[in-house]
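Letters go in sequence order (proteins before strands), and every chain restarts at 1.
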Amino acid sequence: MPELPEVETIARGLDPLVRRRTIAKAEILWERTVDARSIPLETLRGDSIESVGRIGKFLAIGLRSGRTLTVHLRMTGRLTVAKKDTHVPYERLALVFEDGDKLSFADARKFGRIRLLDEVSSDVLGVGIDALSQSLDAAAFGSIVRKRTTPVKALLLDQKRIAGVGNIYANEALFRARIRPRRPAGRLSARERSALLAALRRVLLRAIESRGSSVDDYVDAEGLPGDFQKKLNVYGRAGLPCRRCRTPIKRIVLGQRGTFYCPACQR
DNA sequence: ATCAGCACCTGTTGGC
DNA sequence: TGCCAACAGGTGCTGA
């Protein structure tokens, strides 16, 4: 479910809600929610939250002890704050605070993972340069794309190279840059590369302004949906007329993911 | 290096 | 109405 704009929205919303709160205990309701490489969550007792940030699609909860708790929402994860005794549907893990509230992680499909680490970095998390990083410039983007035969859309989705882009925004950025998803990445012209990088930034930033896309069930830290789904040009619009040229939007499968594009606008 | 296929899970939706 | 297959904002592993 959540990609960079949704995770960023959650981080911003969550930060003021959990800052400075002290953890009384972690309640684990589905064991596999805790990453096998995690420091045991019992050690969270007495620690407190300093801030909430984002690395790629990971939420990074900075703790007083200097450690970091990372949360990956995968498809259906949700993080919300509630009273300790509130029943949260599909709750898999809860950080109960000393003040009687809890930070609840709910996840219908159980794909989400939480991990407590001494030190975080994009390297430890296995992700590449953040899609909104200033250092992702033409040169850096060029070296990622260069000589690759893989379809450009698959490259955008590869978290080890560029972190944060998921299926919605990969489709949308390619539409905006007028590039077909199957084009081998290495065969894009310099002009197309710069159009794509600009489109990617623009789409992600505008999605953050809209507080993300709620296509199905995404909600932010306050339980509110985003608005960007109203502005999507291709994602989920198979058969509907292109907003630019009225040609029906096509759906193909690429790398096992639904892929949408306008056969007239995108070359 | 790359890629298809499958695994992990559950809920929703659309077709017959 | 009911059943079943297809599909879902993600990622990791295996084997060709």
For the pair [X] and [Y], find out whether any cationic side-chain nitrogen is under 4.0 Å from an anionic carboxylate oxygen.
| X | Y | answer |
| --- | --- | --- |
| A:K83 | A:D101 | yes |
| A:D220 | A:R12 | no |
| A:R74 | A:D107 | no |

Please give me every residue in residues 26-34 of chain A whose heavy atoms get under 4.0 Å of an atom in DNA chain B, ordered by residue number.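 Residues of residues 26-34 of chain A under 4.0 Å from DNA chain B: A:W30, A:R32.
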
Tell me whether the OP1 or OP2 atom of C:dT11 has a side-chain N or O from A:K160 closer than 4.0 Å.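 So the side-chain polar atoms of A:K160 never come under 4.0 Å of the phosphate oxygens OP1 or OP2 of C:dT11.
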
State whether A:H72 places a side-chain N or O below 4.0 Å from either non-bridging phosphate oxygen (OP1 or OP2) of C:dT11.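 For A:H72, the contact criterion (side-chain N or O under 4.0 Å from OP1 or OP2 of C:dT11) is met.
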
How do A:F58 and A:V253 order along DNA chain C: which one's closest nucleotide is nearer the 5' end?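 That would be A:V253.
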
Heavy-atom distance under 4.5 Å between the side chains of [X] and [Y], does that happen here?
| X | Y | answer |
| --- | --- | --- |
| A:V18 | A:F97 | yes |
| A:K102 | A:E91 | yes |
| A:V52 | A:L17 | no |

Near DNA chain C, under 4.0 Å by heavy atom, which residues of residues 110-127 of chain A?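 Residues of residues 110-127 of chain A that come under 4.0 Å of DNA chain C are, in numerical order, A:F111.
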
Start with the C-alpha gap between A:E3 and A:Y218, add the side-chain angles, then the distance that decides, and say whether side chain to side chain donor-acceptor pair (under 3.5 Å) holds. CA-CA 10 Å; A:E3 307 181 30; A:Y218 157 76; over 6 Å; no

Mind calculating the distance between [atom1] ([X]) and [atom2] ([N]) to the nearest angstrom?
| X | N | atom1 | atom2 | result |
| --- | --- | --- | --- | --- |
| A:D107 | C:dA8 | CG | P | 18 Å |
| A:D158 | C:dT11 | CG | P | 10 Å |
| A:L59 | C:dG10 | CG | C1' | 14 Å |
| A:M75 | C:dG10 | CE | P | 6 Å |
| A:N171 | C:dG10 | CG | P | 10 Å |
| A:I252 | C:dA6 | CD1 | P | 19 Å |
| A:R78 | C:dG10 | CZ | P | 16 Å |
| A:F260 | C:dC7 | CZ | C1' | 10 Å |

Take A:T150 and A:R148 through the test side chain to side chain donor-acceptor pair (under 3.5 Å) and record every step on the way to the result. CA-CA 6 Å; A:T150 192; A:R148 315 208 119 268; 5.8 Å; no

I'd like the P distance from B:dG5 over to C:dA6, given in whole Å.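 My reading of the P atoms in C:dA6 and B:dG5 gives 14 Å.
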
With rounding to whole Å, what would you report as the distance between C:dC3 and B:dC8 at their C1' atoms?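 These two C1' atoms come out 25 Å apart once rounded.
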
Filtered N/O pairs between nucleotides 1-7 of chain B and protein, under 3.5 Å:
{"from": "B:dT2", "atom 1": "OP1", "to": "A:R148", "atom 2": "NH1", "distance (Å)": "2.5"}
{"from": "B:dT2", "atom 1": "OP2", "to": "A:R148", "atom 2": "NH1", "distance (Å)": "2.9"}
{"from": "B:dT2", "atom 1": "OP2", "to": "A:R148", "atom 2": "NH2", "distance (Å)": "3.1"}
{"from": "B:dT2", "atom 1": "OP2", "to": "A:R161", "atom 2": "NH2", "distance (Å)": "3.4"}
{"from": "B:dC3", "atom 1": "OP1", "to": "A:T150", "atom 2": "OG1", "distance (Å)": "3.2"}
{"from": "B:dC3", "atom 1": "OP2", "to": "A:T150", "atom 2": "OG1", "distance (Å)": "2.7"}
{"from": "B:dG5", "atom 1": "N7", "to": "A:Q256", "atom 2": "NE2", "distance (Å)": "2.9"}

Taking distance alone, no hydrogens or angles, what donor-acceptor pairs closer than 3.5 Å link side-chain atoms of residues 226-241 of chain A to residues at least two apart or in another chain?
{"from": "A:D227", "atom 1": "OD1", "to": "A:K230", "atom 2": "NZ", "distance (Å)": "3.0"}
{"from": "A:Q229", "atom 1": "OE1", "to": "A:S214", "atom 2": "N", "distance (Å)": "2.8"}
{"from": "A:Q229", "atom 1": "NE2", "to": "A:G226", "atom 2": "O", "distance (Å)": "3.0"}
{"from": "A:K231", "atom 1": "NZ", "to": "A:S210", "atom 2": "OG", "distance (Å)": "2.9"}
{"from": "A:R237", "atom 1": "NH1", "to": "A:N233", "atom 2": "O", "distance (Å)": "3.1"}
{"from": "A:R237", "atom 1": "NH1", "to": "A:P241", "atom 2": "O", "distance (Å)": "3.2"}
{"from": "A:R237", "atom 1": "NH2", "to": "A:P241", "atom 2": "O", "distance (Å)": "3.4"}

Under 4.0 Å protein heavy-atom contacts per nucleotide of nucleotides 11-16 of chain B, with B for base, S for backbone only and - for none: S-----

Which side-chain N or O atoms in residues 248-258 of chain A pair as donor and acceptor under 3.5 Å with protein atoms at least two apart or in another chain?
none

Minimum heavy-atom distance between A:L44 and A:I23, given as atom pair plus value: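 Looks like O-CB, 3.7 Å.
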
Assigned partner base of B:dC3, Watson-Crick or wobble definition, under 3.5 Å: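 B:dC3 is paired with C:dG15.
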
